[in-house]
Trainee: 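There's a structure below that I have some questions on.
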Amino acid sequence: MKFQNLGNTDIKVSTVALGTWGLGGGSVWSDKNSTEADAIKLLDACEEYGINYIDTAPVYGTGVSEELLGKALKGRRERFILQTKCSLNWRNEGGNFHYSRDGYTVNNDTRYDAVKRDVEDSMRRMQTDYIDSIIVHYVCKDFPVEETVRGLEDLIKEGKIRTYGLSNSQPFDLDEYKGVKTRISDGVSVVQEFFSILSPFHGRDYFEVCKKYNTVFQTYGVLEEGFLTSREFMNKTFEKTDIRSRIPWVEEDKKKGLLKAFDIWEPLCKDHNCSFSNLVETWALTQYDRMSLLVGMRRKETMSDTVTCLDIKLSAEEIRLMEDAVKAIQVEVLDK
Ligand SMILES: NC(=O)c1ccc[n+]([C@@H]2O[C@H](COP(=O)([O-])OP(=O)(O)OC[C@H]3O[C@@H](n4cnc5c(N)ncnc54)[C@H](OP(=O)(O)O)[C@@H]3O)[C@@H](O)[C@H]2O)c1
């Protein structure tokens, strides 16, 4: 495993991070509802493969992902770097309507009190008295950035969090957060944004600003929720509520384009003795030198495959071949 510091902090995180949206189950990841035993096995596998960076969010399974992680972390909390999020909550205390799902109404609220309540709620669900990193889940223009930063900085002073980051944001948001004068810590040390070989534009817009602040760029959706893992995946059908029934690759013309790309990529998989997942993960790692590869995994088998991407080296020509294969079907996605 490779490690890097989160921004300018002394927090050392593995380059591959475990994403636990799927662990939350519910109607968005409707093919599997995980149990405490599953979460324990997943963290055991993380220890086996050297992954110490775990990402979750209050809304993943509306508390379920955090609760399962809390149980699985018992007795080994300090061996992991735990990252969760603030801003989206279902307390019905105001903020902007975000979505209704599984009987809950989720609002986006980045005001001082909401940020502080979110962290208290997450600590309770995960049975921990500190969280290493808090990501503002959806940066929101309707509330002052100064207020959000004050909440996060106070949480650092109180020893409840160690650093923070942004998600579903724009490069100018990073400048704005870094520009808050009352800041005491170094501020944002990681941005978590959607980025894959099929949707690379938003990330590319972001890298320069990240570089300026030495910020880690954490990519989510690098496997397009499974669509970049295999041809077989394209034949799966999902419930209407499931995130995977709503992404562009279920459309016939896009599916055909992606299958053509798999044909072009196949010889590279043979040459490097690797999976399609590894190929696109390695591609992502070549795009920015402070890249954090956040991959959603619910099984040890997928994790053991994922970590091998760190040993692959792609030449400039191979990278060009991979990118050319998908040019016709690339999509502009700001956030999901
Ligand atoms: N900030 C945000 O708004 C935001 C949005 C979306 C996601 N995220 C975060 O990013 C994480 C990753 O995104 P994601 O989970 O949506 O999608 P993803 O990482 O693109 O794809 C996850 C899917 O790929 C499968 N997979 C992973 N490695 C594989 C491998 N080597 N071979 C075959 N299949 C493999 C997983 O299978 P198994 O589950 O069967 O192991 C899972 O079904 C989330 O879990 C979450 O932590 C953040």
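We count ligands from 1, going down the list as the structure has it; atoms in each ligand are counted the same way. Positions are given from 1 along the sequence.
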Trainee: Is Gln192 in polar range of ligand 1, meaning some N or O pair under 3.5 Å apart?
Mentor: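 Right, the criterion is met.
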Trainee: Heavy-atom contact under 4.0 Å between Ser275 and ligand 1?
Mentor: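 Heavy atoms of Ser275 never come under 4.0 Å of ligand 1.
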Trainee: Taking the ring of Tyr220 and the ring of Tyr60, is the distance between their centroids below 6.0 Å?
Mentor: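 No: the rings miss the under 6.0 Å criterion.
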Trainee: May I ask you to list the atoms of ligand 1 that are less than 4.0 angstrom from any heavy atom of Ser277?
Mentor: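 Listed by number with element: 30 (C), 31 (N), 32 (N), 33 (C).
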Trainee: Ligand 1 versus Leu228, non-hydrogen atoms closer than 4.0 Å: side chain, backbone, both, neither?
Mentor: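 Answer for Leu228: neither.
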Trainee: Measuring from atom 12 (C) of ligand 1, which candidate in Gly296, Ser65, Gly165, Ala57 has the nearest non-hydrogen atom?
Mentor: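 Looking at heavy atoms only, the winner is Gly296.
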Trainee: To which of Ser196, Gly19, Gly221 does the heavy atom nearest atom 13 (O) of ligand 1 belong?
Mentor: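 Going through Ser196, Gly19, Gly221 one by one, Gly221 has the nearest heavy atom to atom 13 (O) of ligand 1.
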Trainee: Need the ligand 1 atom indices (1-based, order shown) with element for anything under 4.0 Å from a heavy-atom of Asp55.
Mentor: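 Counting atoms of ligand 1 from 1, those under 4.0 Å from Asp55 are 9 (C), 46 (C), 47 (O).
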Trainee: Is ligand 1 under 4.0 Å from a heavy atom in the side chain of Phe194, in the backbone, in both, or in neither?
Mentor: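 Neither; no heavy atom under 4.0 Å.
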Trainee: For Lys116, which of Glu158, Glu147, Glu153 qualifies under salt bridge (Lys or Arg N to Asp or Glu O under 4.0 Å)?
Mentor: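 Exactly one candidate clears the test, Glu158.
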Trainee: For Val295, which part has a heavy atom under 4.0 Å from ligand 1: side chain, backbone, both, or neither?
Mentor: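 Both backbone and side chain of Val295 come within 4.0 Å of ligand 1.
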Trainee: Heavy atoms only, cut-off 4.0 Å: how does Thr56 contact ligand 1, side chain, backbone, both, or neither?
Mentor: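 No part of Thr56 comes within reach of ligand 1.
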Trainee: Hey, mind stepping through Arg91 and Asp109 against salt bridge (charged side-chain N to carboxylate O under 4.0 Å, His left out) and telling me if it holds?
Mentor: CA-CA 10 Å; Arg91 291 189 300 266; Asp109 194 346; 5.9 Å; no
Trainee: Would you mind running through ligand 1 and noting each atom that sits below 4.0 Å from a heavy atom of Thr229?
Mentor: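 Those of ligand 1 that fall under 4.0 Å from Thr229 are 33 (C), 34 (N), 35 (C).
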Trainee: At a 4.0 Å threshold, what atoms of ligand 1 neighbour a non-hydrogen atom of Glu225?
Mentor: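 Counting atoms of ligand 1 from 1, those under 4.0 Å from Glu225 are 16 (O), 17 (O), 18 (P), 20 (O), 21 (O), 23 (C).
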Trainee: At under 4.0 Å between heavy atoms, is it the side chain or the backbone of His137 that contacts ligand 1, or both, or neither?
Mentor: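 The part of His137 near ligand 1 is the side chain, not the backbone.
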Trainee: Give a yes/no verdict on a cation-pi contact between Arg204 and Phe201, requiring under 6.0 Å between NZ or CZ and the six-membered ring centre and an angle within 45° of the axis.
Mentor: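 Judged by the rule, Arg204 and Phe201 form no cation-pi pair.
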Trainee: What about the rings of Phe207 and Phe195, do their centers lie closer together than 6.0 Å?
Mentor: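 Phe207 vs Phe195: aromatic centres under 6.0 Å.
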Trainee: Run through Val191, Val115, Leu88, Leu152 and flag the one making a side-chain contact (heavy atoms from CB on, under 4.5 Å) with Val136.
Mentor: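 Passing option: Leu152.
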Trainee: Within the 4.0 Å heavy-atom shell around Asn168, which atoms of ligand 1 are there?
Mentor: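 With Asn168 as reference, the close atoms of ligand 1 come out as 1 (N), 2 (C), 3 (O).
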Trainee: How are the rings of Trp265 and Phe276 set to each other: parallel, tilted or perpendicular (split at 30° and 60°)?
Mentor: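 It falls in the tilted class, 30° to 60°.
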Trainee: Do Arg244 and Asp31 pass the salt bridge (charged side-chain N to carboxylate O under 4.0 Å, His left out) test, and can you show the C-alpha distance, the side-chain angles, and the key distance before you say yes or no?
Mentor: CA-CA 10 Å; Arg244 293 159 292 182; Asp31 56 339; 2.9 Å; yes
Trainee: Please answer: with hydrophobic residues joined when any side-chain heavy atoms are less than 4.5 Å apart, are Phe80 and Tyr49 in the same cluster?
Mentor: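 Yes; Tyr49 is reachable from Phe80 via cluster members.
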Trainee: As an exercise, identify every atom of ligand 1 less than 4.0 angstrom from a heavy atom of Val222.
Mentor: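 Going through ligand 1 atom by atom, the ones under 4.0 Å from Val222 are 20 (O).
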Trainee: Check each of Phe276, Trp21, Tyr138, Tyr220 against atom 5 (C) of ligand 1 and report the one with the nearest heavy atom.
Mentor: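 Answer by nearest heavy atom: Tyr220.
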Trainee: Using a strict cut-off of 4.0 Å, indicate which atoms of ligand 1 neighbour a heavy atom of Asp305.
Mentor: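 Listed by number with element, the hits are 30 (C), 31 (N), 32 (N).
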Trainee: Specify side chain, backbone, both or neither for Trp29, according to which of its non-hydrogen atoms lie closer than 4.0 Å to ligand 1.
Mentor: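 Answer for Trp29: side chain.
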Trainee: Of Thr110, Ile184, Val180, which is the lone residue that meets side-chain contact (heavy atoms from CB on, under 4.5 Å) with Val149?
Mentor: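 So the option named by the test is Val180.
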Trainee: Take atom CD of Glu208 as the centre, draw a 6.0 Å sphere, and report whether it contains more than 12 heavy atoms from other residues, nucleotides or ligands.
Mentor: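 For Glu208, atom CD is not crowded (no more than 12 foreign heavy atoms under 6.0 Å).
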Trainee: Looking at the rings of Tyr138 and His98, which for Trp means the six-membered one, are their centres under 6.0 Å apart?
Mentor: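 They qualify: ring centres under 6.0 Å apart.
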Trainee: Does any N or O atom in Thr20 lie less than 3.5 angstrom from one in ligand 1, N or O only?
Mentor: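 Yes, there is a polar N/O contact under 3.5 Å.
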